[in-house]
Amino acid sequence: MKKSAWLLISLMLVLSMFLAACSGGQKTNEPAKETEKEETPAAEGTANDEPQVGGDLIIGSTGSPTMFNPLFSNDASSSDIETMLYDSLMGSDLEFNPVTDGGLAEKYEASEDGLTFTIKIVENAKFHDGEPLDADDVVFTYNIPLSPDYDGVRKSYFENIDKVEKIDQYTVKFTLKQVDAQFPVVSLGFGILPEHILGDVPIADMGEHEFNTKTPIGSGPFKFEEWKDGEYVKVVANEDYWDGRPNLDSVTYKIVPDANAILAQLQAGDIHYYAGIAQPDVPTVESFADAANLRLESGLALSYTFLGFNQRDPKFQDKSVRQAITHAIDRTAIVENVMAGLGEVAHVPESPLSWAYNPDVPKFEYDVEKAKKMLADAGWKPGADGILEKDGEKFSVEVKTNQGNKVREDIVVILQQQLKEVGIEIIPQIVEFSALIADIDPGVWNFEGIVLGWSLGIDPDPSGIFHTKEIEKGLNFTGYSNPELDKLMDEQLQELDKEKRKEMIGKIQQGLAEDQAYTFLYYPEEFRALPKNLEGYEFHAKDQMYHIKDWWLKTE
Amino acid sequence: MASYIFRRTLMAIPLLLGITILSFAIIKAAPGGPVSMLMDPTMKPSDREKFEEKYGLNDPVHVQYFKWLGNMVKGDFGNSLIKRGVPVSELIMNRLPNTLLLMVVSTLLAALIAIPFGIYSAMRPYSKLDYTVTVGSFLGIATPGFWFGLMLIMFFSVKFAWFPTGGVATLNAPFSIWDRIHHLILPAIVLATADMAALTRYTRSSMLDVLKQDYIRTALSKGFKEKKVVLKHGLRNGMIPIVTLFGLMLPSFIGGAAITEKIFAWPGIGSLFIDSAFQRDYPVIMALTVVSAIFVVIGNLLADILYAIFDPRIEY
Amino acid sequence: MTALLELKNLKTHFKRKKVTIPAVDGVDLKIHKGETVALVGESGSGKSITSLSIMRLIPSPPGEIVDGEILFNGQDLARLSDNDMCKIRGNDISMIFQEPMTSLNPVLTIGEQIIEVLMYHQKLSKRAASLKAIEMLETVGFSRAKELIDDYPHRLSGGMRQRVMIAIAMSCNPKLLIADEPTTALDVTIQAQILDLMKELSKKYDTSILLITHDLGVVSEVADRVVVMYCGQVVEEASVDDLFEEPLHPYTIGLMGSIPSLEGDLDRLYSIEGTVPPPEHFPAGCRFSPRCPHAFDRCRNEAPVLREIGSRSVRCFLHDDKEATK
Amino acid sequence: MNGTTSELLKHSKKNNDSEYILEVKDLKKYFPIKAGFLQRTVGSIKAVDGLTFKVKKGETIGLVGESGCGKSTAGRTLIRLYEPTSGDIIFKGKNISKMNDGELRRTVRKDIQMVFQDPYASLNPRKTLKSILSEPMITHNLYSHKERKEKIQDLLDKVGFNPLFINRYPHEFSGGQRQRIGIARALALNPDMIIADEPVSALDVSIQAQIINLMEDLQDELDLTYVFISHDLSVVRHISDRVGVMYLGKIMEFAGKKDLYEEPLHPYTQALMSAVPVPKKKGVQVRERIILKGDLPSPANPPQGCVFHTRCPVATQMCSEQVPDFKEIRKEHFVACHLY
Amino acid sequence: MSQSNVEISQEELQLNPHLKEKPDTLTRIFFRKFFKNKLAVIGSILLFIIIMAAVFAPLIAPYSYEQQNLIDKLKPPSSEYWLGTDRYGRDIFTRLLYGGRVSLLVGFGAVLGALIIGVSFGALAGYYGGIIDAILMRVVDIVISIPSFFLLITIVTIFKPSVGNLILIFALTSWTSTARLVRGEFLTLRSREFVLASKTIGTKSYKIIFSHILPNAMGPIIVSATLLIGGVILAEAALSYFGLGISPPTPTWGNMLQDAQNYTVMLTAPWYPFFPGLLILLTVLSFNFIGDGLRDALDPKSLD
């Protein structure tokens, strides 16, 4: 069960392929505890106005989409487009609850044992080519990743499905192999593909089929019009959308690879909507927002940034050393300086937005003296050059992060400065992305320290990253291991009672914080620039295109 | 001439082989692979292996190379591993015209400005104008393109709104020549700046050489005015090395504009190259290497042919 | 008889930074109609600069005609405007150069290079000019002139190119042809052809020739009168017969003695000590004095003037008395 | 001072000493013409095409001809700057035509030296006189440091150069002076033979005489053998004992200079002689000039039969078909012509 | 003439007026010609100042190059911070000094490396010709034909950017032009008469290459080297643009400029990108001026 974790790479990365989850991975079962971000008054205040039809919205992106088939693509840009082209069975609300609203499901029922789900879909849904969408299409779609020929990237999302059956023309039944708390949230969020087009295509060839890039046909609110590689993707309103025509006439998804150029385009009005503003640039965007007819929306992102250490290295096996390092880092200063104050200091590997977030965990506040003492207690004594030494070994750590992410580069530089205070030498190493990924591959583990971020799923299961069994071939690349927590992690997955599970996860979070499995740095706040007159917009932490069907541009 | 071109093309084969072998070795030596870019980290290693196996990424490098070579010879560059299913040739052909347009326009722009200045500099060496041109052209060489490009956008696109901020054409607007030109100007200026500098220097030294020649004196002794002598007798001779230079510049069309393309969101070959390199999209990288090598070969050939056209002394 | 061309005290100096180099330093010279005058001297004597000065082709800066007159048909070329000079060049006065291999523009056809002169000076139509060009090429001895005009210079040998140069130079029936070492770069057998051609054409068109050469053999074959230059000055001037019969100036004597002969045996060549000084180091007094076996004190201190002795002149104190006797 | 005595010496030497220092037998040097795919050799420029002559010790052989006749190539092949295509070069009894660089260095490099045409190109502009002159000695490991210094002084003295100049660079000297340096360098190894390739043609007339006189003096003093290559018939006549006239890579006529100049047999030699413009002298009859038609044919594609027949005023049918033998018509007078 | 310490007689001077009393050494000619070129002199002075500033950076720099002062972020130039501060509140002036060390080191190092490879290739190919030439030049063709920027990026990802590796990488990608140049020079020089003269003496090949041909080919080589250094400094900046330059906090002009290539910084602290940009510009300009001056000063043709 590893579906909770996403490598969050960068908001301003050239290749923001890991930016966010697919359209299917964005929903949660339960209301989040905090929904602190108020919507802008403008959006709320004018909600009474009648939506106006028309207009083209230009959305900016540094990344290029790769294809428009949710079962095969996995980058943020593609999934942005897919959201508009396809309908999924279930939708989600702002608190990540699974809702039928925005999905094809009219009604959905889970069995007592949590092993079967029966879904009734709307009867008037039609694909863009006019063919009706019915249960056959749903069965067809869900059978694709179940096939042994399937070579796409989404296999793990469907692992628990035992079978998918058509009950009647508009009813489908899913049977699971075992209880899966995330099933309605994640697995039911994938777009439905047209059987009448893809039905004859061998599944092994589907990943390369023309449908994905040339003629994607879904049932979503927008129809695919044109993809000019490296320039833009254009989708136009689906006049016959079963849930009513979207307000916007068209959406142009414009690709501007250079993050600075994108801001210039935003200022010049060549881009209307951009969700990837780096935090340090927020004041700049604010400064020209008014003149450029823009406004900013923000909210906490469902992710966190951390400093991890390779715990195969003896010096990082010592819990107190890890704690001392956290003590030595002024995370508030990092948030203030690197993020322009736009984020929160993190203590656990879960977002405050999650229902399972446990605020009551051991915290290791900035305290240089304490850090020094703890390190001294652990046997690390300052050497002649002020750098700590133990048994002739210097406390010198090469900290890697990926090239192209300014914020992380900044963090590494500041870490170097801060840790010098306690006598730890940090050697920053900015590594090209593909090479960095290769460095943390299982069995390679070619790093000492690493600054990265995880984009969180909606389910709070932490085992994918911190369970001992995930070391050998999974994502636990730091090699963290705590048998007690392993046990808890196994147990919570079998727990169907949410409150009990929350308690168990809370304990795990306490354990991870106490162990400082990572040095958790912060939860970033995300900023999106959009036209002042864009109405119907709501900030969804995982979906920058949330309910785009309802967006509309108010004219004077 | 035809047989000469044929022979030259034949001779390019070992060159192409060498280039592809070296490129293949280099990209395979680079850490990481398309799978780490493509794959969902939640994927099981067995599924990753399945994918790698499907695309032969686990075969020994030489096996992969020969497989690739075999397909390439058949004209099949394969499909992109990242934009799965999209033929590499299509990716390239979509962008090649943009890059060529940008490069041709910037080169022409550079030539139009550089050549007259170079000629004038050569006619009056060590004059004030010569010094100005010299300093100016060196300034052009020394300006980092990415800085210059962003500056132009900030001033001329954002501040004065004289030019678009990027792209090849206005979105959602009908095709118009003027619109295309409008979009071309800034990136072409950035690219032309560096070329202009080099071209001015070349023109100047080439013309200086030519103007020292005996036949210039002959032409003067016929009673022609200096301007006519320089333009009629000097220029054609002086252009021979310059024209050759254009041929040799052709290969730089492929990678040379990468930064400019990125800054101006110009969907060209350069940015495709950079993206593919970062994503380890091996088929695209290899295809672009081949395309670039072909450009080298064509460029050299073109240089030779132009040389022969401009210089009657060369015969094939 | 008035001269076709008369140089009076021509001075062409080159200015490099603060140094003035007197490459041509007071040259007097006359060429009459139909006459062939040879200007003889070693490298550095200023003979080529003299010829280029007449054509006003001295690169300027650094070169400049600082003094003197160049009277051509009574008109002072030194003071002519550039525009007027352009009308004379290639038309009334034309020139051929030493290096036939490089004197023709390699990228233009031979025809173009002749036709352009004719169109420019004679205002001929292109058609008429090309007919005339063919005629000129036939005159200089090409049998396949019609094909030749579409050919490029690189296909021709040195001797043929020099013929083309002559054809270009003669195409406007110039009154004066300046030939700057026209045969030096050619093989003897070809040299003979070219010299014959020049003699023939000068007779045919009644063209005066200023022949610049260092080869006394060529001089004796072609010239009517000889002017010997040394260090930017004329040191001796005489008719060809007089000069070869009795050279007066020690430099001329030395020069003639230095040449091995094709007939008769000489055990040892006469040689002039030292080398021609570069213009920035011209000695005071007589410029030949450091190398002159007869030099005496006066030579080193006082500059001799070009003195007429009958029909000839010489710049040497040794001949002061001779003038007195005559 | 060495007018008549040296003349006597020369003659006596030549008469007594008939030993040949150099024998050239059917020497050929072809340069390949490469073309086509793979740059195969498609033809060759027959720069030197069968040269045969002998050189006696102490004499001067003149090789004369127009540009492109192969005389320079012949000189360079003789000294083994070029590998001969075929034929033998026997120098002091040793066949050096097939030797490799090492063997050449050990055996004959010291004994044959060369003087080049262009005094500006033949001296390394970045070396002082001293290092130019000491290089040969260092290469062959001759003399101690002190001896070398003396030897250099001696060499400069021999070529009439102020020894104070040893630390100067070539660019400070005039052409004539540089040619003296070139000669001094050639003498540094006490060679037996010097191949002089147009040593005076780049010089002014007055300087030419100086160098020719110097070369003659040195020959007498050091018992040198010269192969003197020049296009200038007068100079060759002046300095040589025997002269070969080359045309398109072949020797047309070879004879003692008196025979050759006073009674040239080959039509080419005759034409060549007549073409030379000579200063008029009183009482000397102006010669009848033979003007040759056309230009030298390309050595890449020499005419069939006698190579001269295309320009020969007396050519017959046979000349275009058969290559004439190089025969001794009179004593020591060889001619390759069907007329004889 | 009286003060002359070399005894050249008056008479000799008269006869050989080309001679000067004092020997005109090559160095002196070089300097005379070089100083005639005003731009080259300006370039030399500028470069000298820049190099000295980089060499003596620890003595000149008012701050530590990595000392952050987050309160003083992006401060404009002032008496406290002469050229302002960067995004971490580090002194830009200090970082420019230290950055110069790396940038110049990379420039010089890479060009030295490129020269070693390029000259070896070119010399062997040009001197021996034939098959050796054909093979070596094909290798050059191949390396040239691979787009250098792509090559750079790929090699950087393999080797990881560090000063040493960058030097290696730039050397590996920029030697080809030198090789072609040297080959050309060798092709002409090997048939020059002074080389032939040396051969007739029996001088060994290696000695001819190193003592006769190479010194005479040095002019163009040095000129191309100066231009190459400028190119490498620019390439380091371009590589930094892709984030593939030297890792922070080590400053280089390239990564400083890249760091300043930020919309916010350019709008709010324009001096930050200005200074590293200016230094890159001045340095590259200086190298070009000097190269231009050297081209004339080292031209052996103008020696004679």
For [X] and [Y], which heavy atoms make the closest approach, and how far apart are they?
X       : Y       : value
P260(C) : S234(D) : O-CB, 3.2 Å
Q191(C) : P277(D) : NE2-CG, 3.1 Å
I190(C) : R311(D) : CD1-NH2, 4.0 Å

- Is the NZ atom of K199(C) crowded by more than 12 outside heavy atoms at less than 6.0 Å? yes

- Message: Here's a test for you: under side chain to side chain contact (heavy atoms under 4.5 Å, CB included), which of V235(D), I212(D), I211(D) qualifies with L269(C)?
- Response: I212(D)

- With S271(C) as reference, evaluate I207(D), N213(D), V205(D) under the side chain to side chain contact (heavy atoms under 4.5 Å, CB included) test and give the passing residue. N213(D)

- From the list T189(C), V188(C), I272(C), the residue making the most non-hydrogen contacts under 4.5 Å with chain D is T189(C)

- Heavy-atom distance under 4.5 Å to chain D: side chain of E42(C), backbone, both or neither? both

- Task: Kindly say whether L292(D) contributes a backbone atom to a donor-acceptor pair with the side chain of Q193(C) at under 3.5 angstrom?
- Result: yes

- Query: Does any non-hydrogen side-chain atom of R268(C) lie less than 4.5 Å from one of D217(D)?
  - Reply: yes

- Message: Is Q210(D) close to chain C through its backbone or its side chain, or both, or neither, when contacts mean heavy atoms under 4.5 Å?
- Response: both

- Note on the structure: Most heavy-atom pairs under 4.5 Å with chain C, out of S206(D), A271(D), G176(D), G65(D), belong to S206(D)

- Query: In Å, rounded to the nearest 0.5 Å, how long is the span from OG of S258(C) to CG of L203(D)?
  - Reply: 12.0 Å

- NE2 of H231(D) to CG of L186(C), rounded to nearest 0.5 Å, is 10.5 Å

